[in-house]
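Below is one structure, written out as structure tokens; the observations come after it.
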Amino acid sequence: LEIFDDQIRAFRKWMKDHGQQQKPLIVSEYGIIYTGGMDDPDVVKDFMLDTFDYFMTAKDCNLGYHADDCRLVQRWAWYSLDDASVNVNEYAYLFNPENRQMTALGRAYASYAQDYLDVRGTEVPGYWP
């Protein structure tokens, strides 16, 4: 997670240096595409949930988006739902691409969303363009 944090902060610094700090940062696609050190489903699950916690809580008023209480990231999307490409880590799927059943990682994702995100009836944040 230290490397993960370093990368987010480096991108936020780039945004600031280019006059873009006061815009939402959307991490539109991230996940586990390689197996090096991530060949255990529990390690992948822990990484995913830890990054979700990071996205929801990481703040820095020197780099973050002031309209969102200085959070570094405003939106994110896990990759992959079910990409069966040869280069994708088999433990990173939310759904099994062959039988279309939710995986253990998918259940962890759903549980996190249910526990922490109030999606139904949520208004679009005032800062959203």
Side-chain angles (χ1 to χ4, degrees):
L1 283 178
E2 184 178 331
I3 294 169
F4 188 84
D5 176 61
D6 289 345
Q7 291 177 332
I8 295 295
R9 288 178 184 279
F11 196 82
R12 267 290 178 190
K13 183 176 182 325
W14 180 92
M15 289 176 72
K16 181 178 181 175
D17 292 348
H18 290 83
Q20 305 298 310
Q21 178 179 354
Q22 298 313 318
K23 290 186 177 179
L25 172 57
I26 302 168
V27 180
S28 60
E29 189 174 286
Y30 85 104
I32 307 297
I33 59 171
Y34 66 94
T35 57
M38 293 287 202
D39 52 359
D40 178 322
D42 289 329
V43 171
V44 173
K45 180 184 78 170
D46 290 346
F47 173 78
M48 181 184 74
L49 297 178
D50 288 348
T51 59
F52 289 179
D53 287 344
Y54 174 88
F55 286 143
M56 290 183 63
T57 62
K59 297 178 182 182
D60 181 338
C61 286
N62 186 47
L63 297 173
Y65 184 34
H66 293 168
D68 189 26
D69 200 23
C70 299
R71 282 186 183 81
L72 297 175
V73 177
Q74 284 59 58
R75 299 279 190 273
W76 66 91
W78 179 260
Y79 183 85
S80 162
L81 178 67
D82 65 353
D83 186 348
S85 300
V86 65
N87 293 327
V88 176
N89 183 319
E90 67 181 299
Y91 301 116
Y93 308 141
L94 301 179
F95 284 83
N96 182 305
E98 294 174 10
N99 66 21
R100 299 182 180 183
Q101 298 296 308
M102 189 180 293
T103 64
L105 189 68
R107 288 188 294 279
Y109 183 107
S111 178
Y112 189 96
Q114 185 175 26
D115 290 347
Y116 295 101
L117 304 177
D118 182 12
V119 176
R120 284 177 280 184
T122 300
E123 296 291 324
V124 175
Y127 62 77
W128 202 254

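Positions are given from 1, in the same order as the sequence printed here.
In summary, the aromatic rings of F47 and Y91 are positioned with their centroids too far apart to meet the 6.0 Å limit.
Using a distance-only test at 3.5 Å, with no hydrogens or angles considered, no donor-acceptor pair links the side chain of D68 to the main chain of R71.
Here the NZ-CG distance, from K45 to D40, works out to 10.0 Å after rounding to the nearest 0.5 Å. Atoms CD and OH, from Q101 and Y93 in turn, are 15.5 Å apart once rounded to the nearest 0.5 Å. To the nearest 0.5 Å, atoms NZ (K16) and CD (Q22) are separated by 9.5 Å. Rounding to the nearest 0.5 angstrom, the gap separating the CG atom in L94 from the CG atom in D82 is 8.5 Å. Of the inter-residue distances, the one linking E90 atom CD with D83 atom CG reads 13.5 Å to the nearest 0.5 angstrom. In this structure, NZ on K13 lies 9.5 Å from NE2 on H18, to the nearest 0.5 angstrom.
For the pair V27 and I8, the minimum side-chain heavy-atom distance is below 4.5 Å. F4 places none of its side-chain heavy atoms less than 4.5 Å from the side chain of D50. L25 places none of its side-chain heavy atoms less than 4.5 Å from the side chain of L72.
The shortest heavy-atom contact between M38 and V43 is SD-CG1, 3.4 Å. Here the closest non-hydrogen pair linking S28 and A77 is O-CB, 3.4 Å. Residues I32 and A92 come closest through the heavy atom pair O-CB, 3.3 Å. Residues Y112 and M56 approach most closely at OH-SD, 3.2 Å, considering heavy atoms.
Screening Y79, W76, W78, Y54 for a ring-ring contact (aromatic ring centres under 6.0 Å, His included) involving Y30 leaves a single residue, W78. Shown are Q21, Q74, M15; of these, the side chain to side chain contact (heavy atoms under 4.5 Å, CB included) with Y65 is made only by Q74.
A salt bridge links R9 with D60: at least one charged nitrogen is closer than 4.0 Å to a carboxylate oxygen.
Shown here are the side-chain hydrogen bond (donor to acceptor under 3.5 Å, both in side chains) partners of D69, two or more places apart in sequence or in another chain: K59.
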